[in-house]
Number of protein chains: 2
Amino acid sequence: MTGQAMSIGELARQTNSNVETIRYYERIGLLAKPARTAGNYRSYGPEHLRRLSFVRRSRDLGFSLDQVRALLDLADQRDRSCEAVDAIAKEHLAEVDSKIADLLALRRELNSMITQCGCGSVADCRIIEALSPRFSPAITEERGIR
Amino acid sequence: MTGQAMSIGELARQTNSNVETIRYYERIGLLAKPARTAGNYRSYGPEHLRRLSFVRRSRDLGFSLDQVRALLDLADQRDRSCEAVDAIAKEHLAEVDSKIADLLALRRELNSMITQCGCGSVADCRIIEALSPRFSPAITEERGIR
DNA sequence: TATGGACCCTGTAGCAACTACAGAGTCAAG
DNA sequence: CTTGACTCTGTAGTTGCTACAGGGTCCATA
């Protein structure tokens, strides 16, 4: 059951993460060090499960580990205003929005490259051409500094 | 046909890259080792400029270094069919499309979290709630939150 | 009791694609 | 001759893991 102590493998299964990742989170101080058994195995309780699930969910939503750290801290201060939480989420949303915009612009360029490719020889390939720098002949010849 | 020789700094300026990156590309075999001056400075010609520009443009379009390497190889085989080029570009387009889809889904989730936040106390914060795991109430209650 | 296999431990190195030094040498202007 | 901008090599850091190597532990079965 969930109330019992768990091994790291069990915790990994429950949170859909992998064992190395959990140890990594512990090493960087994102998860508290758990108790150890007589055989030096890590022993996790429900609080660890809760915390790791929070981390996983946040990661799935694309928050960086630093943002997750901040969110975890804030989640513990139950009586504070959640403005700071809101700020982190909004910051992240802005990042996501800008990535989407970048990717859409990229997609347009890629797509136009691809649709122009008649798939003849490389010499006439519109994709290679689109990637190649276009120096005017004059410049190529005469340019150069120093 | 050879313009003037350039220093690494000059090449960096012309290609809008930075000096360390150029040395890095050389180290991993993406750019050919240039000639050296008497003082052991790297000395680049127009062909390097052309090649590095191609790399930068490809990178700007989101191709991985491995993809860039493949594109460079293909670009050199002028008489081959450009099917392979097309394949790389299409593969990349598919990656971009799937990233866009992921980010849009993410955006929806983030946005719905944020719009629900009334910015009261952390205890009532919908964002924290949305990030928190939903185990059966018994557990949450029994353990409480610190 | 021995043994096999699944699990766990620590520590280190690797991935992408750079970036950031440290500590040294080079070069041209004033 | 000095100053300051530039360059050199080599190494280590970044993010967020993942993958060993070389051991130890646990437990069911023969």
Side-chain angles (χ1 to χ4, degrees), chain A residues 4-31 33-44 48 51-52 54-72 91-92 95-96 99 102 106 145-146, chain B residues 4-31 33-44 48 52 54-72 88 91-92 95-96 99 102 106:
Chain A
Q4 303 285 337
M6 291 177 267
S7 71
I8 196 169
E10 187 54 31
L11 181 63
R13 264 183 299 275
Q14 305 247 351
T15 54
N16 210 8
S17 22
N18 89 36
V19 167
E20 325 267 37
T21 305
I22 297 175
R23 284 198 282 249
Y24 168 70
Y25 286 166
E26 179 184 327
R27 202 162 59 244
I28 63 167
L30 198 64
L31 293 182
K33 295 184 190 230
R36 297 292 182 123
T37 66
N40 200 31
Y41 282 20
R42 286 173 179 81
S43 171
Y44 296 96
H48 287 105
R51 208 136 173 115
L52 180 53
F54 186 100
V55 172
R56 296 303 303 173
R57 172 111 179 95
S58 304
R59 294 287 301 133
D60 284 347
L61 285 170
F63 288 96
S64 72
L65 288 182
D66 268 0
Q67 287 173 323
V68 174
R69 218 186 290 267
L71 287 170
L72 276 172
E91 178 204 13
H92 182 39
E95 286 160 18
V96 170
K99 269 185 204 162
D102 286 355
L106 215 89
I145 287 191
R146 263 164 221 259
Chain B
Q4 304 277 339
M6 283 177 274
S7 71
I8 195 168
E10 188 52 32
L11 181 63
R13 264 185 297 276
Q14 304 246 352
T15 55
N16 210 9
S17 24
N18 89 35
V19 166
E20 325 267 36
T21 304
I22 298 176
R23 284 197 282 249
Y24 169 70
Y25 286 164
E26 180 184 327
R27 203 162 58 244
I28 64 169
L30 199 64
L31 293 182
K33 294 182 191 231
R36 298 292 181 123
T37 65
N40 199 32
Y41 282 21
R42 287 172 180 82
S43 171
Y44 296 95
H48 287 104
L52 180 52
F54 186 100
V55 172
R56 296 304 304 171
R57 172 106 178 98
S58 304
R59 295 285 305 131
D60 285 347
L61 284 170
F63 289 95
S64 72
L65 287 184
D66 269 358
Q67 289 173 322
V68 174
R69 219 186 290 266
L71 287 172
L72 276 173
I88 293 173
E91 179 204 12
H92 182 39
E95 287 162 16
V96 169
K99 268 186 204 161
D102 286 355
L106 213 90

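Remember, predicted model here, so these are calculated numbers, not experimental data.
Contacts of residues 15-24 of chain A with DNA chain C (heavy atom under 4.0 Å): R23(A).
Rounded to an integer number of Å, the gap from Y41(A) OH to dC27(D) C1' is 10 Å. Remark: C1' of dC8(C) and CZ of R36(A) are 10 Å apart, rounded to the nearest angstrom. Between the CG atom of L31(B) and the P atom of dA17(C) there is a distance of 15 Å, rounded to whole Å. Atom CD in E10(B) sits roughly 17 Å away from atom P in dA5(D) (whole-Å rounding). Rounded to whole angstrom, the span from the OH atom of Y44(A) across to the P atom of dC8(C) amounts to 10 Å. We find that CD1 of I28(A) is positioned 14 Å from C1' of dT18(D), with the value rounded to whole Å. Rounded to whole Å, the distance from CD on E26(A) to P on dG16(D) is 18 Å. Here the P atom of nucleotide dT15(D) and the CZ atom of F63(A) are 18 Å apart, to the nearest Å.
Here R69(B) does not reach the OP1 or OP2 of dA17(C): none of its side-chain N or O atoms lies under 4.0 Å away. In this structure, S7(B) reaches the dT7(D) phosphate: one of its side-chain N or O atoms is under 4.0 Å from OP1 or OP2. OP1 or OP2 of dC18(C) sits under 4.0 Å from a side-chain N or O of R59(B). Side-chain nitrogen and oxygen atoms of R42(A) include none within less than 4.0 Å of the OP1 or OP2 phosphate oxygen of dC8(C).
Counting any heavy atom pair closer than 4.0 Å across all strands shown, Y25(B) reaches sugar-phosphate atoms only and no base atom. Among the atoms of the strands shown, only primed sugar atoms or phosphate atoms (P, OP1, OP2) are found under 4.0 Å from some heavy atom of I8(A).
Between N16(A) and R56(A), the shortest heavy-atom distance links the atoms O-NH2, 4.2 Å. Listed here is the closest heavy atom pair of I28(B) and R69(B): O-NH1, 3.1 Å. H92(B) and G62(B) get closest at one heavy-atom pair: CE1-O, 3.0 Å.
Counting only distance, with no hydrogens or angles, the side chain of H48(B) and the backbone of L11(B) share no donor-acceptor pair below 3.5 Å. Remark: the backbone N or O of S64(A) is paired with a side-chain donor or acceptor of Q67(A) at under 3.5 angstrom.
Residues L61(B) and R57(B) have side chains in contact (heavy-atom distance under 4.5 Å, counting atoms from C-beta outward). Side-chain contact check for T15(B) versus Y44(B): every heavy-atom pair is 4.5 Å or farther apart. By the 4.5 Å heavy-atom criterion applied to side chains, R23(B) and R42(B) are counted as neighbours. Side-chain atoms of R59(B) and Y25(B), non-hydrogen and from C-beta on, do get closer than 4.5 Å to each other.
At its two ends the helix from dT1(C)-dA30(D) to dG30(C)-dC1(D) runs along axes set 30° apart, each axis drawn from five pairs and the angle rounded to 10°.
The L65(A) side chain lies nearest to dC17(D) when the options are dC26(D), dC27(C), dC17(D).
Using a cutoff of 4.0 Å between basic side-chain nitrogens and carboxylate oxygens, R13(A) and E10(A) are scored as salt-bridged.
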